[in-house]
Amino acid sequence: MINRTVKSLGLALTLLAASVSLYAKNNVVVIATGGTIAGAGASSTNSATYTAAKVPVDALINAVPQIKDLANVSGVQALQIASESITDKELLSLARQVNDLVKKPSVNGIVITHGSDTLEETAFFLNLVIHTDKPIVLVGSMRPSTALSADGPLNLYSAVALASSDEAKNKGVLVLMNDSIFAARDVTKGINIHTNAFVSQWGALGTVVEKKPYWFRNTLKRHTTSSEFNIEHIKGDQLPVVQIVYGSDSMIPDAYVAYAKAGTKAIVNAGTGNGSVASYIVPTLKQLHDEQGIQIIRSSRVAQGFVLRNAEQPDDKYGWVAAHDLNPQKARLLAALALTKTTDANEIQRMFWQY
Ligand code: ASP
């Protein structure tokens, strides 16, 4: 009799614990960095002329009290700048803060509010260097917080919903904009004026509707837990210098030469079409590669498609690298991280296939 009572008491306690954990809210840290989502304009009709990075993190969180129903939310003000002014220094310091936070057992997910201009870069960088399966979600807005129909509040609400969802685990760093969930590696800012500004040529991973994420695909590329890059292995506050040169007709070689003089270790050529390089530019790139050891990464100024190795230029013969489907700004970051590990162009090419 006593035995039976003890057993049913035990069962009741287990059920209670299970239902508490089922309904317990996850802990989400909102890391604010500035951008338009924290922007303020002179009046509510100023949707495009305003100052970015004005509103502090607590005000951002308090402006959307509904997020407290989704998760236990705390705020950290990591930066307060417009994202076009982010350099390696801010990127590395943000990555280190995120890394420290995701290691804490009490943190279940991270939301990073960010300017939309270089949001894709920060997302991709974190996707490569943070080893965690916990959701990390970057979010921004296209209209400042003071504008009529500001898009920041709902974006933030959906981002917190996503970061507190167990289904968002181990999917790589995510970007939430305008209801869509994107993979950090292939999302890009495709329109600079409308709220549906973010696109991926391979499509969104899913969408958030009324706080529920719906998933449609996964990325097959290496990220976070399966990445060979690790923020803990990167010292100092600068990455190897990598710069981009934009391709067009009637180019002059001076930009390439100037970057070489300034100490760049790799040049991402945002070439025309399939990463093409003008015949009269090829000798300059060959010389920089062969005589100065500068890596030449062939990317494309075309927003969709991908650069094929040995098409348009003989990459095997020249020892150049094809950026595959990474756009020039993402190729720049992967090349910089690659150069923290190797100067072998074949190894760098392998990384461009895998990430
Ligand atoms: N220039 C702003 C930024 O990137 C634009 C934005 O956030 O939408 O910080």
Side-chain angles (χ1 to χ4, degrees), residues 30-61 63-64 75-95 97-98 110-127 136-160 162-163 173-182 184-200 204 208 244 246 303 327-330 332-333:
V30 174
I31 305 179
T33 68
T36 295
I37 192 165
S43 83
S44 61
T45 51
N46 288 117
S47 62
T49 47
Y50 56 87
T51 312
K54 280 277 181 216
V55 181
V57 64
D58 290 339
L60 281 182
I61 292 173
V64 195
V76 173
Q77 189 78 50
L79 302 168
Q80 186 60 300
I81 56 176
S83 71
E84 62 271 24
S85 300
I86 289 180
T87 67
D88 289 354
K89 185 168 175 250
E90 288 80 27
L91 201 54
L92 288 163
S93 129
L94 178 65
Q97 284 191 57
V98 172
I110 304 276
V111 168
I112 302 171
T113 62
H114 199 287
S116 63
D117 285 5
T118 64
L119 189 148
E120 63 191 90
E121 275 117 307
T122 300
F124 185 50
F125 186 71
L126 298 174
N127 192 54
I136 299 173
V137 182
L138 277 89
V139 64
S141 76
M142 295 303 291
R143 296 182 183 136
S145 64
T146 44
L148 277 178
S149 292
D151 51 335
L154 182 56
N155 283 351
L156 181 61
Y157 179 78
S158 298
V160 171
L162 188 58
V173 171
L174 302 169
V175 169
L176 186 293
M177 287 292 282
N178 202 37
D179 301 343
S180 292
I181 307 165
F182 294 103
R185 72 168 303 280
D186 45 55
V187 68
T188 191
K189 185 173 182 177
I191 307 160
N192 64 3
I193 198 83
H194 294 151
T195 50
N196 62 340
F198 282 69
V199 289
S200 159
V208 175
I244 301 169
Y246 198 91
N327 66 23
Q329 54 272 32
K330 294 209 177 130
R332 196 192 78 76
L333 284 167

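Read the numbers this way: they start at 1 and go in the same order the structure lists the ligands and their atoms.
The backbone N or O of Thr118 lies less than 3.5 Å from a partner atom in the side chain of Ser83, making a donor-acceptor pair. The backbone N or O of Ile31 lies less than 3.5 Å from no partner atom in the side chain of Gln77, so there is not a single donor-acceptor pair.
Nearest to atom 5 (C) of ligand 1 among the protein's heavy atoms is Thr36 OG1, 3.2 Å. Of all protein heavy atoms, the one closest to atom 1 (N) of ligand 1 is Glu84 OE1, 2.9 Å. Looking at atom 8 (O) of ligand 1, its nearest protein heavy atom turns out to be Ser116 OG, 2.4 Å.
Using a 4.0 Å cut-off to heavy atoms of Ala82, the atoms of ligand 1 that qualify are 9 (O). Near Gly35, meaning under 4.0 Å from one of its heavy atoms, ligand 1 places the atoms 7 (O), 9 (O).
Side-chain atoms of Thr87 and Glu90 form a donor-acceptor pair, as typed in the model, at a separation below 3.5 Å.
For atom 9 (O) of ligand 1, the nearest non-hydrogen atom from the set Ala197, Gly140, Ser83 belongs to Ser83.
Counting all heavy atoms, side chain and backbone alike, Ile37 lies closest to Ser145 at O-CB, 3.9 Å.
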Could you go through Tyr50 and Thr146, starting from their C-alpha distance and side-chain angles, then the distance that decides it, and tell me whether this counts as side-chain hydrogen bond (donor to acceptor under 3.5 Å, both in side chains)? CA-CA 9 Å; Tyr50 56 87; Thr146 44; over 6 Å; no
For the pair Leu162 and Leu174, evaluate side-chain contact (heavy atoms from CB on, under 4.5 Å) and give the outcome as yes or no after the intermediate values. CA-CA 9 Å; Leu162 188 58; Leu174 302 169; 4.1 Å; yes
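The shortest separation from a heavy atom of Ser141 to ligand 1 is under 4.0 Å, placing the residue in contact.
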